[in-house]
Amino acid sequence: MKVRTRVAPSPTGDPHVGTAYVALVNYCFAKRHGGEFILRIEDTDRARSTAESEAAILDSLRWCGLHWDEGPDVGGPHGPYRQSERSAIYREYAARLLASGDAFRCFCTPERLDAMRVAQRAAGQLTRYDGLCRTYDAAEVARREAAGEPSVVRLRVPDDGTCIVEDGRRGPIEFEWSSVDMQVLLKSDGLPTYHLANVVDDHLMEITHVFRGEEWVSSAPKHMLLYRYFGWTAPKLTHLPLLRNPDKSKLSKRKNPTGILFYRSLGYAPEALLNFLGLLANPAHEGVEELMDLAHLVERFDPAQIPLGGPVFDVGKLDWLNGRFLRERLDDAQFVERVRAWGASPERMRKIAALARPRVERLSDLGPLLAFLFAGRLAIAADQLRGGKLEDRQVRQALQYALWELDRLDEWRVSGIEATFVGIAQRLGVKFRDVARPFYVAITGSPTSIPLYDAIELLGRDVVRERLRVALGLLGVPSKRELDAWFEEWKGVS
RNA sequence: GGCGCCAUCGUCUAUCGGUUAGGACAUCGCCCUUUCAAGGCGGAAAGACGGGUUCGAUUCCCGUUGGCGCUACCA
């Protein structure tokens, strides 16, 4: 049987290095065995999924140098590859489960479920659906449906016995069925949850091996149950350790740059990023050259060698690999080409020229004026952020608001960015010109520069987020309490 | 709280019961060099704790502690 793997990102935000990591592992395994690698978009969460995010994810993975044999953009024999276009399929399989009695309709309200969980937790028990709707007979279900009561489809789970999940790297993991929740499979909007869609798609797309994040371990029993109910053979599951922040918490953008685009903006070579990620999955042992290309990564890939501890994403090591790639794997001409592609493309230079030309007297003024566009971390001190009419607290609050607001922005364009900043000044009850200075310093490294919103657009979301985060850190990282209070105020006005 | 996963230098890791616990990044020192990098050489740096099993545990088992994940009509 042909090996087929997949990566199934959810388009709910910026492309994450964790996605690249999981994609790389699946890619390597498939290619190592002459198999196929598929890209599937899991966009069943209508509230959070966006087309922008999907496009960005495809773009980032392509930039990484990972090519998929089937996917929403290239098509393939098992399409569609976007779950939002497969609703009918999931409904059909949910109906099958309903018919066989392996799933049941549930009419419970969110309020009842909430109260139930609160009570269970207060009693020190695990939170699990109590099975009320499971007791309804066909007539009762029909009556409620006819009355127009909204309902979901839940998975029937055994009340006792154990489930053994076979993990490709950890071996058997045992769960009590009584600790597994009766998961919702089909939401009241008719769309499936991850669990149903994932199992159905992996089967229909003939996926043979799944490498996914460790966060899925605890829901694996539900997936095993679905394969059993459907009478399907489950793919071989292997859970990958989660990438961590330096403080060992799960890698998060609150504490670190996590976007693939951030590393691209900073001038990392995709080869080096992949190299680094590949080393995390299969570390090089003594005497082994660590600088390797994708083909080499594929050739030496071995799932049995994946370490189980969650590795800290060590940017220092990435820097070293990237430096070596730049100076050992590229000649001058190729280097120049990289520079052009990175930040000096004709289109980008034209935009920059239009902004810079009115502000220079000599071409040599360009260096200091535009350095921030070609820099990673800016050398700024806390005092440079001060000096306006605002108190530190207000500046910090403004920076935090900007972080939150900019995250919510769908389109990264001057117009939206401008509206965001105007809004922030209003909320704080101050004039924008008074908050402008710290933002200029945080973003461009100087209180005077090209227009702020253009600078922000040019820099891109990930770099801007990082600069704001660094500036905020300079004036004092907000405490949990401050953050909560600000968040309340922020929510209140929006 | 419950369930699950994990546990060696600051970081990534090697060790399939017996090693001076090895390598890489970072760090420190020296060399090279008009500077800075790069490069070369060298140094410092680790088995969470407590019980077992064993002639012998970093390695196997149990417990504790710690970290992480899950605990949604999000993935």
Side-chain angles (χ1 to χ4, degrees), chain A residues 8-13 16 18-19 41-49 83 106-110 113-114 117-118 120-129 150-154 162-163 165 167 169-171 173-198 212-222 239-252 276-277 279-291 304-324 326-328:
Chain A
S10 196
T12 53
H16 196 279
T19 302
I41 295 294
E42 308 226 335
D43 56 350
T44 55
D45 183 351
R46 280 151 98 189
R48 296 199 305 148
S49 300
Q83 292 187 330
C106 174
F107 300 90
C108 292
T109 61
L113 294 172
D114 216 43
R117 289 185 188 116
V118 168
Q120 286 170 336
R121 213 172 156 146
Q125 298 167 328
L126 46 85
T127 52
R128 184 187 199 236
Y129 180 62
S151 67
V152 300
V153 174
R154 274 184 197 278
T162 58
C163 170
V165 171
D167 180 273
R169 192 57 244 293
R170 292 158 231 260
I173 304 174
E174 193 173 323
F175 296 86
E176 294 286 334
W177 277 125
S178 61
S179 74
V180 178
D181 204 0
M182 295 176 228
Q183 187 65 47
V184 169
L185 299 176
L186 211 59
K187 300 179 267 188
S188 55
D189 65 1
L191 289 181
T193 56
Y194 168 88
H195 309 280
L196 209 221
N198 194 265
R212 51 156 36 160
E214 196 176 6
E215 72 262 36
W216 296 108
V217 171
S218 43
S219 44
K222 296 165 189 170
H239 294 92
L240 268 17
L242 264 17
L243 270 27
R244 312 283 183 91
N245 294 311
D247 69 0
K248 298 280 191 177
S249 56
K250 174 173 148 179
L251 193 62
S252 66
F276 173 71
L277 259 12
L279 249 20
L280 252 25
N282 276 184
H285 294 162
E286 194 174 342
V288 173
E289 170 56 78
E290 292 189 280
L291 186 62
Q305 300 299 315
I306 300 173
L308 258 20
V312 169
F313 192 91
D314 181 6
V315 185
K317 180 100 182 206
L318 208 208
D319 288 343
W320 174 75
L321 275 172
N322 200 61
R324 284 197 59 192
L326 257 23
R327 72 182 94 90
E328 294 177 32

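Keep in mind that the numbers below use all heavy atoms, side chains included, and drop hydrogens, waters and symmetry copies. Proteins get letters first, then strands, A, B, ... in listed order; numbering begins at 1 in each.
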Closest-nucleotide 5' rank along RNA chain B - winner of A:Asp45 and A:Pro246: A:Pro246

Euclidean distance, atom CG of residue A:Asp314 to atom C1' of B:C12 [Å, nearest integer]: 7 Å

Sugar-phosphate, base or nothing in reach of A:Arg169, heavy atoms under 4.0 Å: nothing

Would you tabulate the nitrogen or oxygen pairs shorter than 3.5 Å linking the protein to nucleotides 27-37 of chain B?
none

Under 3.5 Å donor-acceptor, A:Glu290 side chain and A:Leu279 backbone: no

Nearest listed nucleotide, side chain of A:Arg170, among B:C5, B:G67, B:G69: B:C5

Residue A:Lys250, side-chain atoms from C-beta onward, closest of B:C5, B:C74, B:C68: B:C68

Any A:Lys187 side-chain nitrogen or oxygen under 4.0 Å from OP1 or OP2 of B:C74: yes

Nearest-nucleotide pick for A:Lys248, side chain only, options being B:C12, B:C70, B:C25: B:C12

Sugar-phosphate, base or nothing in reach of A:Gln120, heavy atoms under 4.0 Å: nothing

For atom CG of A:Leu279 and atom P of B:G23, their distance in whole Å: 17 Å

Residue-phosphate contact under 4.0 Å: A:Arg117 side-chain N/O, B:C73 OP1/OP2: yes

Side chains of A:Gln120 and A:Gln125, donor plus acceptor under 3.5 Å: no

Among B:C73, B:A26, B:U11, the one nearest A:Pro110 by side-chain distance: B:C73

N/O (side chain, A:Arg154) to phosphate O (OP1/OP2, B:C73) under 4.0 Å: yes

Selected nucleotide, minimal atom distance to A:Arg244 side chain, candidates B:A26, B:A75, B:G67: B:G67

Exercise: identify the closest heavy-atom pair between A:Pro307 and A:Leu280: CD-O, 3.6 Å

Non-hydrogen side-chain atoms of A:Ile306 and A:Asn282 separated by less than 4.5 Å: yes

Nearest-angstrom distance from the residue atom CG of A:Leu251 to P of B:C12: 13 Å

Touch class at under 4.0 angstrom, heavy-atom based, for A:Val152 against every strand present: base

Interatomic distance where CD belongs to A:Glu214 and P belongs to B:C3 [whole Å]: 18 Å

Salt bridge (charged side-chain N to carboxylate O under 4.0 Å, His left out) assessment of A:Glu289 paired with A:Arg324: CA-CA 12 Å; A:Glu289 170 56 78; A:Arg324 284 197 59 192; 3.0 Å; yes

N/O donor-acceptor pair under 3.5 Å between A:Arg170 side chain and A:His239 backbone: yes

Main-chain N/O of A:Gln183 paired to A:Asp181 side chain as donor or acceptor, under 3.5 Å: no

Candidates B:C12, B:C73, B:A14 - which lies nearest the side chain of A:Thr193: B:C73

Check: A:Ser188 side chain, B:C73 base, donor-acceptor under 3.5 Å: yes

Between NE2 on residue A:His285 and CD on residue A:Gln305, distance to nearest 0.5 Å: 5.5 Å

G-U wobble or Watson-Crick pairing nucleotide for B:G66 (cut-off 3.5 Å, both distances): B:C6

Touch class at under 4.0 angstrom, heavy-atom based, for A:Ser249 against every strand present: sugar-phosphate

Nearest listed nucleotide, side chain of A:Leu126, among B:C68, B:A24, B:G2: B:G2

Proximity to the side chain of A:His285 - top-ranked nucleotide from B:U13, B:C12, B:C25: B:U13

Sugar-phosphate, base or nothing in reach of A:Thr44, heavy atoms under 4.0 Å: sugar-phosphate

Under-3.5 Å donor-acceptor pair between A:Arg48 side chain and B:C74 base: yes

Separation of atom CG in A:Leu185 from atom P in B:C74, rounded to whole Å: 12 Å

Proximity to the side chain of A:Glu42 - top-ranked nucleotide from B:G4, B:A75, B:C73: B:A75

A:Lys317 side chain, from C-beta outward: closest of B:C3, B:C12, B:A24: B:A24

